[in-house]
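Input: a single structure, listed below in structure tokens.
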Amino acid sequence: ETQRLDQIRTLTQTLIAGAAEMGETDSITVMSAVEQGADLKIVGLWYMNTSLVFLVNADKVREFKDLEKPDNIVAVNGKGDITHVMLLGPLIKRGVDIKKLNIVEIGGSGARMQALQSGRVAAVPIHFDQAAEVAKKGNFKVLLEPWKEYTAWINEIWAVNGSWLKKKENERMVIDMLKAQMTAWRKANADLNWYTEAYRKHVTLKDAKSATPEQLRPLWEGLTKEIKAFPPVMELKLEYWNDLLPAYIQAGAIEGKFKVASVIEPSLAKQAASELG
């Protein structure tokens, strides 16, 4: 049985409560829950990297240090969530004092885009294809592309209740699901028409149902060739998360009182990949 929940936090809570066995959620809420004693495991990736970039008002933000200025307001989806954390890693690396950032919460990529265009904020995370549209309408530039900054930017993942996973038949179910996921990734990479059909079916934007392959080509090429969102083999390398932990901690999302290896279970994705060949 499948159920749609729009809030990542709600989904993780549902897994903790045992009201769902498996869910598509995010690393940060899972790790935060594990830190507080929950028995959850990350078993797969929903996709690799992210299509989000940080777009800035180029009149106000010429370099990373400019984000320290109090009048340069940075909009994120939610404090401590992936849109916030994603920004912090590269800033810390470049010596920006992240305590000086003036962060506000604005939910939804479209709303953040409007806030940037109207001058209310100076920096926003939005999808790279939206960023390209906005950049045509004023002096805006992409400050940050996560796929160039991190070993891997891990955002949405498959998580399961740890005790549920101990049963062999449940393990088998996860392996089969991950095989289906990798098969879909391979089809998306190889076939724009297949990707277009999937886009029409699953994307919630108002014009999605009528999208044509040619309209989607720039988005498809960006995801498959540059961002490499759908690798043919799904790998859950501990170094991906070890690389992200400092940013998670700086954002106040987690304290870091656990070992990454206790949360990540890479063996099922490995098994799925070997069965697929």
Side-chain angles (χ1 to χ4, degrees), residues 45-64 66-67 72-78 81-91 94 103-150 152-156 185 187-231:
L45 306 176
W46 187 237
Y47 50 80
M48 193 79 163
N49 290 314
T50 176
S51 60
L52 291 170
V53 298
F54 258 88
L55 192 69
V56 297
N57 179 329
D59 293 327
K60 293 180 171 182
V61 182
R62 290 182 180 82
E63 55 181 43
F64 285 86
D66 290 336
L67 292 176
N72 282 339
I73 299 167
V74 180
V76 297
N77 191 58
D81 81 352
I82 65 110
T83 59
H84 183 198
V85 173
M86 187 172 77
L87 176 66
L88 297 189
L91 296 191
R94 289 170 174 85
I103 303 266
V104 298
E105 295 185 347
I106 300 178
S109 214
R112 288 192 295 274
M113 201 157 72
Q114 286 169 341
L116 181 71
Q117 285 178 290
S118 69
R120 284 190 295 128
V121 301
V124 296
I126 59 174
H127 295 285
F128 76 93
D129 51 324
Q130 293 173 318
E133 287 304 307
V134 177
K136 292 175 190 168
K137 297 172 185 163
N139 193 16
F140 303 104
K141 69 169 184 187
V142 172
L143 185 70
L144 177 63
E145 294 168 313
W147 58 91
K148 292 180 181 173
E149 298 285 340
Y150 294 95
W153 173 260
I154 305 296
N155 178 4
E156 294 175 62
W185 284 1
K187 285 180 176 172
N189 283 332
D191 187 347
L192 172 57
N193 290 325
W194 187 91
Y195 175 81
T196 303
E197 284 305 312
Y199 182 96
R200 287 175 185 154
K201 189 175 172 187
H202 299 292
V203 171
T204 52
L205 297 172
K206 64 179 190 324
D207 298 329
K209 298 271 178 286
S210 59
T212 67
E214 280 318 298
Q215 285 170 330
L216 292 180
R217 184 176 287 280
L219 175 64
W220 175 72
E221 286 185 344
L223 288 171
T224 58
K225 293 182 172 59
E226 187 173 4
I227 295 170
K228 297 183 172 60
F230 316 121

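Position 1 is the first residue of the sequence, and the numbers go up from there. What you see below is based on every heavy atom in this structure, not just the backbone, and it leaves out hydrogens, waters and symmetry mates.
- Nearest heavy atoms, Val142 versus Ala131: CG2-CB, 4.3 Å.
- In this structure, the separation between CD on Glu156 and CE on Met48 is 14.5 Å, given to the nearest 0.5 Å.
- Remark: side-chain polar atoms of Asp81 are paired, donor with acceptor, to backbone N or O of His84 under 3.5 angstrom.
- With a 4.5 Å cut-off on side-chain heavy atoms, Asn155 and Trp46 do not count as touching.
- Of all non-hydrogen atoms in Leu223 and Phe230, the two that sit nearest each other are CB-CE1, 4.1 Å.
- Nearest heavy atom pair, residue Trp147 against residue Val53, reads CH2-CG1, 3.5 Å.
- Among residues two or more places apart in sequence or in another chain, the ring pair (Phe, Tyr, Trp, His ring centres under 6.0 Å) test is passed with Tyr150 by Trp153.
- No donor-acceptor distance shorter than 3.5 angstrom exists from the side chain of Lys60 to the backbone of Ile73, with no hydrogens or angles considered.
- In this structure, Phe128 and Leu219 have side chains that are in contact, with non-hydrogen atoms separated by less than 4.5 Å.
- The structure places CZ of Arg120 at 5.5 Å from CD1 of Ile106, a figure rounded to the nearest 0.5 Å.
- Checking Asp59 against Asn139 by side-chain atom types alone, a donor-acceptor pair falls below 3.5 Å.
- With rounding to the nearest 0.5 angstrom, the CD atom of Glu226 is 5.5 Å from the CD atom of Glu145.
- Between atom CE of residue Met86 and atom OG1 of residue Thr50 there is a gap of 5.5 Å, rounded to the nearest 0.5 Å.
- What you find for Pro213 and Leu192 is that their closest heavy atoms are O-CD2, 3.5 Å.
- Looking at Trp220, its side chain does come within 3.5 Å of a backbone N or O of Ala188 through a donor-acceptor pair.
- Inter-residue side-chain proximity for Phe54 and Leu67 is flagged as unmet; no heavy-atom pair is nearer than 4.5 Å.
- Contact check for Arg112 versus Asn77: side-chain heavy atoms found under the 4.5 Å cut-off.
- More than 12 heavy-atom neighbours from other residues, nucleotides or ligands sit within 6.0 angstrom of NZ on Lys225.
- A distance-only check finds a donor-acceptor pair linking the side chain of Asn49 to the backbone of Ile227 [under 3.5 Å].
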Pair Lys141-Leu55, side chain to side chain contact (heavy atoms under 4.5 Å, CB included): steps then yes or no:
CA-CA 6 Å; Lys141 69 169 184 187; Leu55 192 69; 5.6 Å; no
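- No side-chain donor-acceptor contact under 3.5 Å links Asp191 to the backbone of Lys187.
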query = Going through the distances and angles, do Leu143 and Glu63 end up as a side chain to side chain contact (heavy atoms under 4.5 Å, CB included)?
reply = CA-CA 8 Å; Leu143 185 70; Glu63 55 181 43; over 6 Å; no
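- Taking both residues in full, the closest heavy atoms of Lys209 and Arg200 are given as NZ-O, 3.3 Å, listed atom of the first, atom of the second, then distance.
- Val56 places none of its side-chain heavy atoms less than 4.5 Å from the side chain of Asp66.
- Taking each heavy atom of Phe140 and Gln117 in turn, the nearest pair found is CZ-CA, 4.0 Å.
- Asp129 has its side chain out of reach of Ser51: every pair of non-hydrogen atoms, C-beta onward, lies at least 4.5 Å apart.
- Side chain of Thr83 to main chain of Pro125: no donor-acceptor pair is present (N/O by atom type, distance under 3.5 Å, no hydrogens or angles).
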